[in-house]
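Convention: sequence-line order gives letters A, B, ...; per-chain numbering from 1. These values consider heavy atoms only, across backbone and side chains, with no hydrogens, waters or symmetry-generated copies.
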Amino acid sequence: MSTRGFSLAALPVARVPGVAIVLVVLCAGFGVTSPGFATPANIANILTQSTILLLLALPMTVIIMTEGLDLSIGAVLTFASIVLAVTVIATGSPTLAFLAALGVGLCFGLGNGVLIAVFDIPPFITTLGTLGIAQGLSLLVTDGQSVVGIPRSIEQIYSGTAAGIPFPIIIAALAYFITHALLYHTRFGTYVFALGGNREALRVAGISVRGMLIRVYVFGGLMAGFAALLMTARLNSAHPTAGIGMEFDAIAAVAVGGTSFERGNGWLLGTLLGVIAVGVLRNGLNLLAVPSSVQVACIGALVIVALFIDGMRAER
Amino acid sequence: DDETIAVFTKNQTNPYFQAVRVGTETAAKALGVKVIQYVPTKPDSIPEQLSQVEDVIVKKPNAIVFIPVDYKALVPAVEKINAAGIPVTNITDRSAGGNFVAFVGADDYSIGLSVARRLLKAIGGKGNVIILEGVKGSLTSTNRVRGFNDAMKENPDVKLLASQPANFQRLNALQVMENLMQSFPSIDGVLAANDPMAVGAIEALEGANRKALVIGINGSKEAVELIKSGKLLASGDFNGFIQGCIGTEIAVRNLHKQPTPKEVMLKPIVIDKTNFTPYEMPVEQRACPTLEQIVSN
Amino acid sequence: MNTAARTAVRSRFTLSRDVMQAFYRLLGVVLLCAILATLSDVFLTTNNILNVLRQSALLFLMASGLTLVILTAGLDLSIGANVALSACLAASVIKITGSPLLGMATGIGCGAVIGLANGILVTALRIPSFIATYGMMWMLTGVTYYYMAGETIHGFPPEFRQLGSGYLLGVPMPVYVMVLFLLIGGLFAQRTVWGQQIYAIGANPVTARLSGVPVERRLVLVYAVSGAMAGLASLIILARINSAQGDIGEDLTLPAIAAVLVGGTSLFGGSGTVAGTLIGALILTLVLNAMNLLQINSSWQPLVTGVIVLLAVWIDTRARRIGE
Amino acid sequence: MTVVPLFELRGISKEFPGVKALDDVSFEIRAGEVHMLVGENGAGKSTLMKILCGAYRADRGSFFNNGEPVTIHDSTAARKFGIAVIFQDFTLVPYLDIAQNIFLGREFSSRLPGFIDRRRIHAEAKRVLDMIGFDIDPRMPVHGLGVAQQQMVEIAKALSQDARILVMDEPTAALSDRETELLFAMIARLKKNGVAIIYISHRLSEVFALGDRITVLRDGSNIASLLPAETTPDQLVTLMVGRPVDTTYTRPSRPTPGAVVLDVKNLSGPSGFSDINLTVRAGEIVGLSGLVGSGRTEVARAIFGADRVTAGEIRLFGEPIGGSTEISALRGMALIPENRKTQGLALARSVGDNIVLAGLRKLFPSGFFFPGRAMKAARAIIEKLRIATPTLRRPVATLSGGNQQKVVVGKWLNADARFYIFDEPTRGIDVGAKAEIFRLLDGLVHNGAAILMISSEQIEIVHICDRAYVMRSGRIVGELAHHELTEANIVRLGIHQ
Ligand SMILES: Nc1ncnc2c1ncn2[C@@H]1O[C@H](COP(=O)(O)OP(=O)(O)OP(=O)(O)O)[C@@H](O)[C@H]1O
Ligand SMILES: Nc1ncnc2c1ncn2[C@@H]1O[C@H](COP(=O)(O)OP(=O)(O)OP(=O)(O)O)[C@@H](O)[C@H]1O
Ligand SMILES: [Mg+2]
Ligand SMILES: [Mg+2]
C-alpha cells in the first residue's frame, strides 16, 4: 500500500500527533519505573488485552467520521457474545455460533442504519435506544446469569498462538488492515469522508446517502459481532454485563487518536495508537500497583492531555 | 524479605469490599507481609478484572487473595493464575472452577434464611412482605433471595407481595419501594438483600409515614447505627473484615508451608438490638481473629 | 413589495414551533398516562402522581442544566460523576459542621466549580465537550473513590432531609424545587439576552461570535450552570436517601441525557426547551413507575426504556415535519 | 426555423413550504449556446437548475431530451443526459484531495472489486486541471484551499464529466479577474465543441458579454426570453424587477468627513498581514481593494477583534480596542462578513432571531428579553431593507442569497453601529438589491457613520468609495484619494509590477 495514499488524506495535522507523544512518554515512564513493563511477555499481554477494544474502535472511527456515533456497540457485542455462547452450547457448532453472532451484529447495525438514515433519528439517540434494547435482550435471554459450558475450541481463539504470536493480535491486525484498506482505498472509504465532510456533494454525485449510512453502521455491527467472538473466547463464557461501557472506551480511544468530531476527518492509525495508549496506561499503573482510584483519575487525565496537546498544536 | 500478596475485590464503592480490604491489610500487618489491592476502575467489570489478573501475573506476587467479579466468568483468570504457579485463596464468592488453596466465605443462603426468619418471627408469622433483590443473576443476590424465600415457606401465613430487584443500590431501592407502596397499602416487612437497599426502603417508609420492619445483610457500620436507633430490625453479618483476615492468613500460612484448612465457612450471625455492641467499633480499629479462633468456634 | 405587510399579519397567527412541539409531547404524556391508567388502578391516584413527580424531580434537575449545554451543541457526560463528588463533599461538610446550609453551599459550589472546569476545557483548551467531560467524568470518579475509600456517610439533620422527603401542603418538597427551576430555566432560556445568545451559539458559533456574542464566556456559564444543577441534584439525592456513597451518580448520566433528548432538544444545538426536558423526565419516570406497579421483570427495563426513547424521538421528528 | 432544443423543461412548478419557488416555468437550451439565466434574488434560478440536475424533484412539469420526453428523478439520471452543474454552494468534501473530489462518485476501479485506482484518478485530475489552466497538485486536500481555488476545483469537477449541458450558478462570484478570464476562455472553447451552457449571473456586464440568449425569471415565473443584441441593460433590469429601476447608481454628495473613527497603526497578525496603517473618518466610505487572497478579509477580522494580532494598535473613536468581538460590537463596530452562510447567519434559526442577534444588548439593556419588542424591531428592519420573507419565523436558510445578505446587514442596524466593515457586501446579490445596498451605505454615512468596504469588483470601489487603500500580499501598497480612484490605478497597485 502506498504511503502517499494515506499521508495526505489521512493525517489530520502534518506534525506529531498528541497521541504519539503521550504513548512515547507513557512507555518511557513505565519502562524506567517498572522492571516488568518492557518485557516481550508483557508487551504481548498489553497488545492482546487491547484487541477487543480495537475491534470496536476501528468501526467507531469510521462512524465518527460520518459525524455519527454508535453507543450501542458495547451492548451489541455483549448480546452477540451471549447468542454465540447459547448457540454453540445448543448446536455444538462453533461456526454456526460465530455466524449467529455476526448475524446479531448485522441486525443491530442494520437497525441502527435504517433508523438513522431512513427515519432520520440522530445517531446518538438511535444508538442510545438500541443500546437499551441490546442490553435488555441480553438480560432477558440469560436472566442475568453467565452462560458457561462453552467448548474449549472457542477458548483457543483467544489463548492460541501462531508462530509465537497470539491469535487475538493476528485477528486485530487483520481487522486493522481491512479497515485501513476500506477507508483509504475503496469507494466506501471515499464516501465515508464525504458523509462527514459534505453530504450534499455525495447527493449530487448520485450516491445514495442513506445507503452509505446504513453500510457504515452495518460495518460497526459486524465488527461488534466479530469482537464478540474474541470476548467469548477470552471469558470462556458469556455474561450480560461483559461489554457495558466499552462504547465509551472506544470513543475515547478514537478521540485520543486525533479523529475529529466535527468535520469528517479521521485518522485510523491514531485510533490504533489511542487504543494502545489506554492499554499501556492501565497495564503500567497495575504494574506499579497504583491504587485503583488514582488509576481512574489517570484515565481521565490521559484523555484530556492527549486532546490538549492536539489542540495546542492546531492553534499554531 | 517482603512477601507480597495481591488482593482482588469487585469495586471501590461498596463498603463490604472496603471491609474486606481493611481485613487483609490488618492481617498483613500482623503477619509481616505486604498486600497490594486491585480493584476494577469500572465497578464489577469482568474484562477489567481479567486484565488486572493478567497484569498481576507479570509481577508475580507470592500469593493472591481473590474475589471474582463473577463466579463463572472469571474462571479463565483463575486458570491463568494456576498456570503461573501463584497460590490463590478464594474468598466471599466461590469460583466455579480453578484450583484454590482454600475458600473462605459465608453462606449467603443461610444468612438470608436466618435473617429472614428473624423478621418473620418479629411480625408474628403473618402479614405482608416485600423482597428487594440485588443485581439480577449475581450469586450473592440469588442465594440470599433463595434463603428469604425458604424462610417464607416456613411461614405460610406470610404473603409475598412483590419481589423486585433494586440492584444493591440505595436510590434504586428508595424509588422501587416508593412505587410499590402505591400498590400495597399494607406492608409489614421488607427483606432487603443488602444494607444499602434496606436503608433505601427505610427512607421510603419514613417519607410516606408508614411503618414496616426492615432487615438487611452485611452488617455495615450504617446498618449497625440504624439497629441501635431501632429503625432497622436486623442485619445478617457477612463479615467481610474477617473474610479478609482469614483469607490473608491462609495465604501466608500456605506460603510458609503450614497446614491450612481447605474451606472456612463463617457462621451466619444475625445482628440486632441484642448483640450490636461489638460491631460498633470501626473495622479499621478491629483486630483480626486468628484462624484457630474461627475454626474452633 | 407587500411582503412586509404580510409578515405583520401572519406572524401573529403562527404558533411557535417550540410551543407546538411541547404540545405534541404533552399529548404523548397524556396518552401514556391513559394507557397506564387502564393497566393499573393505582396509577392515577393522587399519591402516585405526586410520587412520580417527586421521582422525576431528580432527573429533571440534572437534565435542566444539561439542556442548556445541549442547546449550545455541547454535551456534559460528567454530571453523574459530578453528582457523586458534590454529594460526598456536601455530606462530609454537613457531618463535620452540622450545618445543612454550609453543606448545601458546598454541594452547589462544588458542582459549579466542576462545571466551570468543564467550560474552561471546552473553551480555553478547545477540547470537544464530549471528550472533555468524558475525561472529567473519570477524574471526578477517581477523586470521589479516593475520598470515600469505599465508605458511606450516613444520617443528616432532619431539617436538611426536609428538602428531599418533606411535604408542603401535601406536595413533596422536590416537586417545588422542580417547578421553581422549571420557571427559572424557562425564563432564562426564553426571556433573557443570555438565553437568546445561547440559542444563537448552538445554531452557529461563528456567526454568534461575529455578532458580538462573547461565545467563550457564555459557554463557560452554561457548563457552570449545568454543574451547579448537578450539585443541586446531589443535595436532593442526599436528602432523599440520607446517605452518600461513591457510586451515587454512576447510573444517572445517560437517563438525564435521554430526558433532554426525549424532551425534544436537538443534539445539534439551537433548538429545544427546558419545559420539553421536564416532559422527557416525566416520560422516563412514568415508564419505570409503571414497570414497578405492574411488577414487570426488571430485565425488561433497559429494553422498554430504549424503545420509548426511540419512539418519542421518532414521533417528534414526524411531528416536526408535519408542522412545517 | 424550428430547431429541436438539446434539452427542454416545460411547465415546471415547485413549491417549498410557504413559497412558490417556481410556477409553470419553461426553459430550453440549444447546443453550443450560452444561455444566461437572470432574475432577482429568490426568483428561482438556483431551484430551476437543481431540478434540471435532479437534486430537487419538480412538483409538476416535463423534460424533453432532443424532443423525446424523459424523466429526471435523481442526479444519476441527469448525468446520463450529460448535465453537469457548478453549484452556487460548493459541493466539495474537505478531507478528500482535489482529485478525489473531482471524480467523486465516478472513481476509476482497480482490479479488486470496490477498490479504487488512485493513480489513474490523480492522472486524470491533473489532465482536467491543466485543461482549465489551474496549476495545483491534485493531491492537495481541499480543506486548505481558498475560496477561489475551491471554485476552480468545482469547475474542474463539472468539466471532467464531459458534459453536453453545463450549468454554472454564479461561477465568478469568488474569482479574481485572471481566473475569470481563464473561465471565459474555457467557455468559448466549450461552446465551439457544441456544449450548451446555462449561466446564472447577477453581473450585467457578464450577461451581455457572454450571453447568446437571456431568460428572465421573476417571482418563480419566466417573464421573457430575449437576445442580448436586442435589449438594453435598463430594459433587462425592468423585466427582472417588474418596474423601472435606476441601476445607474449616482454618487450623492457626501458630507465633509468628520472626526477620525477608526485609526489602525502598524497592525500585524499571524494570519498573514503586516504593518497595516489606515484611518476611516465619520461620514466617509473607504475602500479596501486588492486581489483575492491579498489578505483584506484577515485585516477586517483583526480590526473587528475576531482574530489575534501580533503587533500594532486599533483605535475606535479614539479608544484602543482589540481582541474581542463583543467590545467591538458594544462600541459601535459592525462586521458584515464575506460568507453569509457560515459566518453571517444562524441558518436554522428564524429571520427574526437573526435580525435581533447583534442588537440584543442594545435593545434589551436590562438583560431581559421581550419577544414582542424584538419582533417589532425585526419587522422594522424587514420593512426598511425590504427583505422578502413571508414571516419572521421562517428559517433564514430558506431565503434567497440576496435576502440573506440583507438580513446580515439588518442585524447591525439594531445594534446602533457607527462604524461598519462590509466584506464583499454585494457578492451574489441581484442588481436591484445591489443598488439598495449602496443606497443603504449612503444612508449610513449621511447619518454620520463610517464605512470600510472590501470588494473584489474594482468598479464598485470606484463608484462608491471616497478613497481607497489597495492591498497586495498582506500589505497596504497604496492609498488612492478620490481624484486618483480609477480601476486602472487599483489594478496597477494591486498587481505586482
Ligand atoms: N430548500 C428550500 N426550502 C424552502 N424554500 C426554498 C428552498 N430553496 C429555495 N427556497 C425558496 O425558493 C425561492 C427561490 O430560491 P432560489 O435559491 O432558487 O433563488 P435564486 O433565484 O437562485 O436567488 P439568488 O440569486 O439569490 O441565488 C426563494 O424564495 C427561496 O427562499
Ligand atoms: N494559494 C493559497 N493556498 C492556500 N490558501 C490560500 C491561498 N491563497 C489564499 N489562501 C487563503 O486565503 C487567505 C487570504 O485570502 P483572503 O480571503 O483573506 O483574501 P481577501 O483579500 O480577503 O480576498 P477575498 O475577500 O476576495 O477572499 C489566506 O489566509 C489563506 O487562508
Ligand atoms: Mg441562487
Ligand atoms: Mg476575503
Side-chain angles (χ1 to χ4, degrees), chain A residues 64 67 69 71-72 75 111 115 119-144 240 245 248-249 251-252 254-256 260-262 291-312 314-315, chain C residues 70 73 75 77-78 81 117 121 124-150 246 250 254-255 257-258 260-262 266-268 297-314 316-318 320-321:
Chain A
I64 287 176
E67 296 191 309
L69 204 58
L71 296 180
S72 71
L115 285 170
F119 289 82
D120 249 351
I121 304 177
F124 190 99
I125 308 173
T126 299
T127 54
L128 190 63
T130 49
L131 170 137
I133 293 173
Q135 205 171 308
L137 286 174
S138 302
L139 285 174
L140 286 169
V141 169
T142 59
D143 200 26
F248 282 105
D249 296 351
I251 294 167
V254 172
V256 166
S260 144
F261 270 62
E262 272 133 38
S292 181
S293 56
V294 179
Q295 290 196 22
V296 175
C298 284
I299 292 167
L302 168 80
V303 171
I304 288 178
V305 166
L307 270 101
F308 175 53
I309 297 175
D310 273 339
M312 281 212 314
E315 245 178 87
Chain C
I70 294 182
L75 198 59
L77 292 177
S78 71
L121 288 179
L125 305 192
R126 306 218 187 136
I127 301 177
S129 62
F130 189 99
I131 297 302
T133 56
Y134 178 75
M136 183 58 82
M137 174 194 91
W138 279 94
M139 298 216 275
L140 295 178
T141 308
V143 172
T144 311
Y145 286 177
Y146 187 82
Y147 181 70
M148 295 301 282
E250 232 144 59
L254 282 184
I257 295 174
V260 177
L261 300 182
V262 169
S266 159
L267 267 175
F268 304 113
N297 180 342
S298 72
S299 298
W300 284 96
Q301 192 180 304
L303 198 153
V304 172
T305 311
V307 171
I308 294 275
V309 167
L310 283 176
L311 266 182
V313 176
W314 179 64
D316 202 58
T317 39
R318 297 292 305 172
R320 210 174 291 204
R321 216 164 292 157

Any idea which of [options] has the most non-hydrogen atom pairs under 4.5 angstrom with chain C?
{"options": "A/V305, A/V296, A/T130", "result": "A/V296"}
{"options": "A/L140, A/V303, A/I133", "result": "A/L140"}
{"options": "A/D143, A/V294, A/I251", "result": "A/I251"}

Handout entry: Donor-acceptor contact present, side-chain A/T126 to main-chain A/I121, <3.5 Å
Key = yes

Heavy-atom check, side chain of [X] versus side chain of [Y], under 4.5 Å:
{"X": "C/S299", "Y": "A/T142", "result": "no"}
{"X": "C/L75", "Y": "A/F124", "result": "yes"}
{"X": "A/I304", "Y": "C/M139", "result": "yes"}

Exercise for the section: Evaluate the ring planes of C/F130 and A/F248, with Trp represented by its six-membered ring, and classify them as parallel (under 30°), tilted (30 to 60°) or perpendicular (over 60°). Expected result: parallel

Exercise for the section: Could you tell me whether C/Y147 atom OH has more than 12 heavy atoms of other residues or ligands within 6.0 Å of it? Expected result: yes

If I measure from the heavy atoms of chain A, does [X] come under 4.5 Å with its side chain, its backbone, both, or neither?
{"X": "C/L140", "result": "neither"}
{"X": "C/T141", "result": "both"}
{"X": "C/L310", "result": "both"}
{"X": "C/L121", "result": "side chain"}
{"X": "C/A258", "result": "both"}
{"X": "C/L77", "result": "side chain"}

Problem - Most chain A-contacting option - heavy-atom pairs closer than 4.5 Å, from C/W300, C/F268, C/Y146, C/Y134 - result: C/Y134

Practice task
Select, from C/T144, C/L261, C/V304, the one with the greatest count of heavy-atom pairs under 4.5 Å involving chain A.
Solution key: C/L261

Problem - Shortest non-hydrogen contact between A/L139 and C/P302, atoms and distance - result: CD1-CG, 4.0 Å

Fill in the blank from the handout: CE (C/M136) and CD1 (C/I131) are apart, to the nearest 0.5 Å, by 13.5 Å

Exercise for the section: Sort A/L302 into side chain, backbone, both or neither according to what part of it lies under 4.5 angstrom from a heavy atom of chain C. Expected result: neither

